[in-house]
There are 2 protein chains.
Amino acid sequence: MQEPPYHKSMELTERHPNRPGFRPLYQQVRELFLSRISSGAWRPAESLPSEQSLAAELGVSQGTVRKALDSLAADNLVERRQGKGTFVSQHTQESAKFRFFKLYHSTGEHALPMCKDAKAKRRRATANERAILNLASRADVFSIERTRFINDKPTLRELIAVPAALFPNLDLHQPIPNTLYTLYQSEYGVSIVGAIEKLRAVEANKEDARALKKSPGAPVLEVERIALDLDNRPVELRLSRFCTEGMHYLVELK
Amino acid sequence: MQEPPYHKSMELTERHPNRPGFRPLYQQVRELFLSRISSGAWRPAESLPSEQSLAAELGVSQGTVRKALDSLAADNLVERRQGKGTFVSQHTQESAKFRFFKLYHSTGEHALPMCKDAKAKRRRATANERAILNLASRADVFSIERTRFINDKPTLRELIAVPAALFPNLDLHQPIPNTLYTLYQSEYGVSIVGAIEKLRAVEANKEDARALKKSPGAPVLEVERIALDLDNRPVELRLSRFCTEGMHYLVELK
DNA sequence: GAGTGGTCTAGACCACGCA
DNA sequence: GCGTGGTCTAGACCACTCT
């Protein structure tokens with residue numbers, strides 16, 4: 001029987017099967033890589049070392065590294081390009097929009113919202129925001145209230161709250177860019193990699209009606225989004241309301 | 001140089017790289033397996049031959065068969081159980097509900113709709129139904145109109161249309177079961193494996209209002225679902241309308 | 001041509017389920 | 001104890017990108 005050279009090095013846990021806490025090697029490798037991204041050791045758009053060198057570094061086979069990287073790629077955390085290398089995913093204007101903005105025209109065209117100037121304001125977090133964003137009592141948030149336009153028509157009203165501790169001096173960025181997630185990532189190292197959205201049909205209130213030029217009581221689609229970072233922590237709470245005339249929110253179920 | 005024993009048998013295309021029409025072996029194997037499920041050669045809940053025997057049959061390595069099966073498992077088309085085997089996925093009451101029914105109570109609990117008796121009626125397809133379901137002019141559909149109850153409260157109104165040609169004598173199934181997709185699969189060999197949903201906030205019309213015990217004009221969430229079978233063909237069109245008081249439609253973005 | 005990821009193979013051993 | 005899928009390794013060759 002040959003002695004398998006199971007990960008002679010590194011902080012990977014001993015691979016003694018039948019022990020509690022045992023996890024497959026490739027999962028441990030995945031988590032190690034994830035922590036390197038999360039900590040900023042590997043930064044967005046940077047290329048990773050090659051599979052061969054990572055395998056050598058960790059004392060595992062290339063196949064195990066590959067399985068870990070494939071799993072990260074499946075979650076959109078890294079991007080693989082044949083012949084070039086593996087890269088930490090970066091939010092571009094395009095990619096962020098398509099992944100998290102599900103509003104489409106009835107024609108099937110993807111809707112592209114723009115926003116005029118909006119300002120971030122610092123204030124105490126509400127009880128609801130503290131509960132959802134996991135904040136201490138008396139914590140502050142930055143709050144952004146804005147109306148976004150599609151084809152120059154006011155279509156979408158957004159109320160956004162993010163922890164002030166995570167995004168220091170967010171109010172100094174004037175004007176707030178159209179695609180917030182690229183700002184979170186480039187300026188604060190916070191990558192939004194997932195979200196949970198709760199949808200409801202509600203009546204437009206007075207502010208909605210004024211901003212969207214509808215009458216109060218008109219049906220609007222309300223989307224409550226909780227955005228999650230690499231460590232699955234909730235880092236943004238966003239309430240959107242919009243009319244769906246000539247539009248729809250698209251969901252693909254698989 | 002050794003002569004690799006690349007798939008000596010089978011209908012797999014010759015593996016000569018740099019030729020147009022070249023596809024990785026594991027993708028060809030996946031498609032072969034998919035066609036066996038789609039054609040009914042492998043039926044829901046049945047166990048597949050072991051990886052070893054499939055590899056031997058096709059003249060490929062076990063690793064290639066594994067990669068094909070893993071990809072089918074990722075799409076919920078087969079289910080793998082360590083120590084037991086690989087099985088064609090079957091819609092149970094439970095699995096079908098959780099995959100395609102996204103309505104939750106505000107508490108986070110999954111909502112469980114029930115329906116009292118409903119009947120399927122045969123009629124000419126509308127122009128819209130023909131367009132979406134890809135039907136010839138003058139084709140028939142079975143149409144189901146029903147109201148579903150959550151905690152004995154009328155909550156959800158559904159208008160369903162399916163091609164009559166695909167589901168002969170659907171109207172003879174009385175009463176229509178609560179979970180239609182299990183019926184489609186067990187009685188007609190049609191497996192629903194995906195869906196596209198378009199969501200809009202609209203005003204309740206008179207029928208909605210009467211069925212849901214709301215006033216006309218109340219905001220309701222409208223969901224237009226196109227359900228797809230194994231071959232990605234649209235086989236059901238379903239329009240749902242419901243109030244979202246104390247409830248929400250849940251979407252997870254990744 | 002060198003270096004990267006992508007495909008394919010072969011074989012060892014582990015974990016699980018069942019008889 | 002046997003058969004199944006799951007993990008891990010090792011090595012060959014292909015496809016793509018850049019120099």
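Chain identifiers are assigned alphabetically (A, B, ...) following the order of the sequence lines, protein sequences preceding nucleic acid strands; residue numbering begins at 1 within each chain.
Checked against side chain to side chain contact (heavy atoms under 4.5 Å, CB included), B:Gln174 has the following partners two or more places apart in sequence or in another chain: B:Lys119. Every residue two or more places apart in sequence or in another chain was checked for a side chain to side chain donor-acceptor pair (under 3.5 Å) with B:Glu187, and none qualifies.
Closest to the side chain of A:Pro24, out of C:dT7, D:dT7, C:dT9, is D:dT7.
Note that B:Lys116 lies in the cation-pi zone of B:Phe149, set by a 6.0 Å cut-off to the ring centre and a 45° limit from the axis. Figure legend: cation-pi geometry between A:Arg81 and A:Phe87, with NZ or CZ positioned under 6.0 Å from the six-membered ring centre and within 45° of its axis. Annotation: cation-pi pair A:Lys67/A:Tyr26 present, NZ/CZ under 6.0 Å from the ring centroid and within 45° of its normal.
In this structure, B:Gln27 places its CD atom 7 Å from P of C:dT7, rounding to the nearest Å. Atom CG of B:Leu54 and atom C1' of D:dG3 are 14 Å apart (whole Å). The distance from atom CZ of B:Arg23 to atom C1' of C:dG6 is 15 Å, rounded to the nearest whole Å. Between B:Asp70 atom CG and C:dT7 atom P there is a gap of 14 Å when expressed in whole angstrom units. Remark: P of D:dC8 and CG of A:Leu58 are 13 Å apart, rounded to the nearest angstrom.
Side-chain N/O atoms of B:Lys67 include one lying less than 4.0 angstrom from OP1 or OP2 on C:dT7. At C:dC8, none of the side-chain N or O atoms of B:Tyr26 fall inside 4.0 Å of OP1 or OP2 (strictly under the cut-off).
Using cut-offs of 30° and 60° on the angle between ring planes, the pair B:Phe167 and B:Tyr184 is tilted.
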Could you go through nucleotides 3-5 of chain C and list every protein N or O atom that sits under 3.5 Å from one of its N or O atoms, giving the distance for each pair?
from  : atom 1 : to      : atom 2 : distance (Å)
C:dG3 : N2     : A:Gly83 : O      : 3.0
C:dT4 : O2     : A:Gly83 : N      : 3.3
C:dG5 : OP1    : A:Thr86 : OG1    : 3.4
C:dG5 : OP2    : A:Glu51 : N      : 3.0
C:dG5 : N2     : A:Gln82 : OE1    : 3.4

